[in-house]
Number of protein chains: 2
Amino acid sequence: MKETQLGSLLRPVRAGNAFEETVERLLQAVKLGVVPHGERLPSERDLAVHLGISRVTLREAIRSLQEAGYLDVRRGRYGGAFVIYRPPGPSGGDLAEAVNQMGAGDLADALTFRMAVECGAAQILATLTLDSAQRAMLLRRLADVNGAAPSDYRRLDTAFHLSIAELTGSPLLAAACADARLRVTDLLNAIPVLGPNIAHAAAQHQAIVSAILAGDPDGASRAVAEHLEGTAALLRGFLA
Amino acid sequence: MKETQLGSLLRPVRAGNAFEETVERLLQAVKLGVVPHGERLPSERDLAVHLGISRVTLREAIRSLQEAGYLDVRRGRYGGAFVIYRPPGPSGGDLAEAVNQMGAGDLADALTFRMAVECGAAQILATLTLDSAQRAMLLRRLADVNGAAPSDYRRLDTAFHLSIAELTGSPLLAAACADARLRVTDLLNAIPVLGPNIAHAAAQHQAIVSAILAGDPDGASRAVAEHLEGTAALLRGFLA
DNA sequence: CCTCATTGGTATTTTTTCATACCGTAGAAG
DNA sequence: CTTCTACGGTATGAAAAAATACCAATGAGG
């Protein structure tokens, strides 16, 4: 076994210090819209437990997000950390800037990773026999995206994609898909939400769901690949 | 977005403390045969840098592996931490014990995750245009497995599988595949290496490589799925 | 208007982890 | 046999993180 594989196994044990990782995690949860504008995060005590860190470290992270203008922290009962941040509107943000902020190699890496895990998840899900509740969940998320207001579109689009991984019943796979999506959140948020694109995406979403429900793994994987390739090509085009 | 998705994003920031994670990482590198019997690990100073931890913490981890009988640590120039551990021989280990040592849910999770990322990786690789060096690497790894001595079979089999992910050029994807494989190492090591199985696997390996080189993503993904499903079914069968 | 549960805010101590410097050893090279 | 040097071994102080306990505020409900 060559040196190359040693790199995969003897890679860093931790990405950074607990504080930095926590800020990153919370920031992405906010940017992704997991906790929408106006809603509050779980209490510090709960969050600290879920994130596996001390309340002190969590508070430092929350404080920095507060100072950066993402959160409004209120005390007392029924208080908490409320999300102030609003993602870029339907008109999108500065895509070129967002793309060039991350390295070309990192972008390619993230896109490849996302393609692999999301295709894999759809493929797996298509081989499973879904019960009625699971089918309902999938269709519900699809309907949510199709009926989304422009300002909610990206949030519900993300929810739809993550549902596919979650329905496989594999937490590891769900985490991998969530991670993959987090790495391109800023970029996706900068893409304008335009009518034709939405219609195109809707057709592709439908194709994905149909293939999954029909038990067609290859078809599901291919449908996801086509869907993701669209935004991937767009993003790659912005590499200076 | 429902509570379920909150779980994916507000999951633990770190799996455990630095010491525990380091022990786990080194242990798996040893069990996987990345550093074969008799070879030595990189020096403490190098390893600490690569793993992103302090030398003190690394030494604690090495010491516990030494006490557990996996490593022989020698000092002085040309010294180092040498691997004593030998993986279970061709006759395999106690599979039932290994399977039941990890929970049923964890096993299903790990198998699903592995299936998704390895299928995804093969699929991606089949869409890429490989240069001659990459094709040579892939064929070389395939030949290595086919020509492997029984005692080296699992190590070279792992090397072959990880090569597919590495050749995609995505470190994230390579890491995910390595992680997926690590989670089932103990189980795979416990499976006896038998002649008929090797022949069967060799045919499947050939099918995977052929599909990749032919630029057939669906075929590559399906070939990997079939290959992995074999061991997955075997392992699931041992769930008490 | 008061109570009180729930939430953020603060302080203190302990544990873990890191950074740095230095010591002891062994084995190849001359 | 001596030297040189790349390795593990040790010590110490600082920093990060965690654990614990307690304080303060707020607003719904009685």
Side-chain angles (χ1 to χ4, degrees), chain A residues 3 6 10-26 29-30 35 38-85, chain B residues 3 6 10-26 29-30 35 38-85:
Chain A
E3 297 301 323
L6 238 158
L10 301 184
R11 75 195 123 92
V13 169
R14 10 200 68 171
N17 60 39
F19 165 73
E20 289 169 347
E21 285 187 61
T22 305
V23 169
E24 201 60 25
R25 185 70 69 75
L26 293 179
V30 169
V35 182
E39 294 289 295
R40 42 160 274 196
L41 269 53
S43 75
E44 292 179 352
R45 291 170 176 82
D46 283 355
L47 250 187
V49 171
H50 281 118
L51 295 178
I53 58 174
S54 75
R55 205 181 139 207
V56 178
T57 305
L58 172 62
R59 276 177 57 73
E60 287 173 11
I62 289 178
R63 184 153 162 273
S64 79
L65 289 183
Q66 181 186 15
E67 288 172 353
Y70 289 97
L71 298 174
D72 172 31
V73 180
R74 299 201 285 267
R75 33 195 294 189
R77 194 175 185 178
Y78 306 97
F82 295 80
V83 174
I84 298 180
Y85 171 86
Chain B
E3 298 301 323
L6 240 157
L10 302 183
R11 77 196 123 90
V13 170
R14 13 199 66 172
N17 59 40
F19 165 72
E20 289 168 348
E21 286 187 60
T22 304
V23 169
E24 201 61 25
R25 185 70 69 75
L26 294 178
V30 168
V35 182
E39 293 289 295
R40 40 160 275 193
L41 269 52
S43 75
E44 290 180 354
R45 290 170 176 83
D46 283 354
L47 249 187
V49 172
H50 282 119
L51 294 177
I53 58 174
S54 74
R55 205 183 140 205
V56 178
T57 305
L58 172 62
R59 277 178 55 74
E60 286 174 12
I62 289 178
R63 184 154 163 272
S64 79
L65 289 183
Q66 180 186 16
E67 288 171 353
Y70 289 97
L71 299 175
D72 172 31
V73 181
R74 300 203 283 267
R75 28 199 292 186
R77 192 173 187 179
Y78 304 96
F82 294 80
V83 175
I84 298 181
Y85 171 85

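Per the geometry, CZ belonging to B/F19 stands 13 Å off P belonging to C/dC18, to the nearest Å. Counting to the nearest Å, the P atom of D/dA17 and the CG atom of B/N17 are 13 Å from each other. Separating the CD atom of A/E21 from the P atom of D/dA16 is a distance of 15 Å, rounded to the nearest angstrom. Here C/dT15 presents its C1' atom at 17 Å from CD1 of A/I53, a figure rounded to the nearest Å. Taking atom CD on A/E20 and atom P on D/dA15, their separation rounds to 17 Å, with Å as the unit. One can place CZ of B/F82 at 12 Å from C1' of D/dA6, the figure rounded to the nearest angstrom. Atom CG in B/L47 sits about 14 Å away from atom P in C/dC18, given to the nearest Å. As a whole-Å value, the separation of A/R63 CZ from C/dT10 C1' is 12 Å.
Here A/R59 contributes atom CZ and A/F19 contributes atom CZ; the two are 12.5 Å apart, rounded to the nearest 0.5 Å. With values rounded to the nearest 0.5 angstrom, A/R63 atom CZ is found 12.0 Å from A/L65 atom CG. Summarising the geometry, atom CZ belonging to B/R40 is positioned 10.0 Å from atom OH belonging to B/Y78; distances are rounded to the nearest 0.5 Å.
At C/dC18, one or more side-chain N or O atoms of B/T57 fall inside 4.0 Å of OP1 or OP2 (strictly under the cut-off).
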Could you give me the CA-CA distance, side-chain angles and deciding distance for A/I62 and A/E44, then say whether side chain to side chain contact (heavy atoms under 4.5 Å, CB included) is met? CA-CA 9 Å; A/I62 289 178; A/E44 292 179 352; 4.0 Å; yes
Under 3.5 Å, sequence neighbours excluded: what are the donor-acceptor pairs made by side chains of residues 68-75 of chain B?
| residue | atom | partner | partner atom | Å |
| --- | --- | --- | --- | --- |
| B/D72 | OD2 | B/R74 | NH1 | 2.9 |

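Using a 4.0 Å heavy-atom distance criterion, A/I62 is classed as making no nucleic acid contact.
Each of B/V49, B/L41, B/L47 was compared with B/L58 under the side-chain contact (heavy atoms from CB on, under 4.5 Å) criterion, and only B/L47 meets it.
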Going 5' to 3' through nucleotides 4-9 of chain C and flagging B where a protein heavy-atom sits under 4.0 Å of the base, S where only the sugar-phosphate is that close, and - otherwise, we get -BBBBB
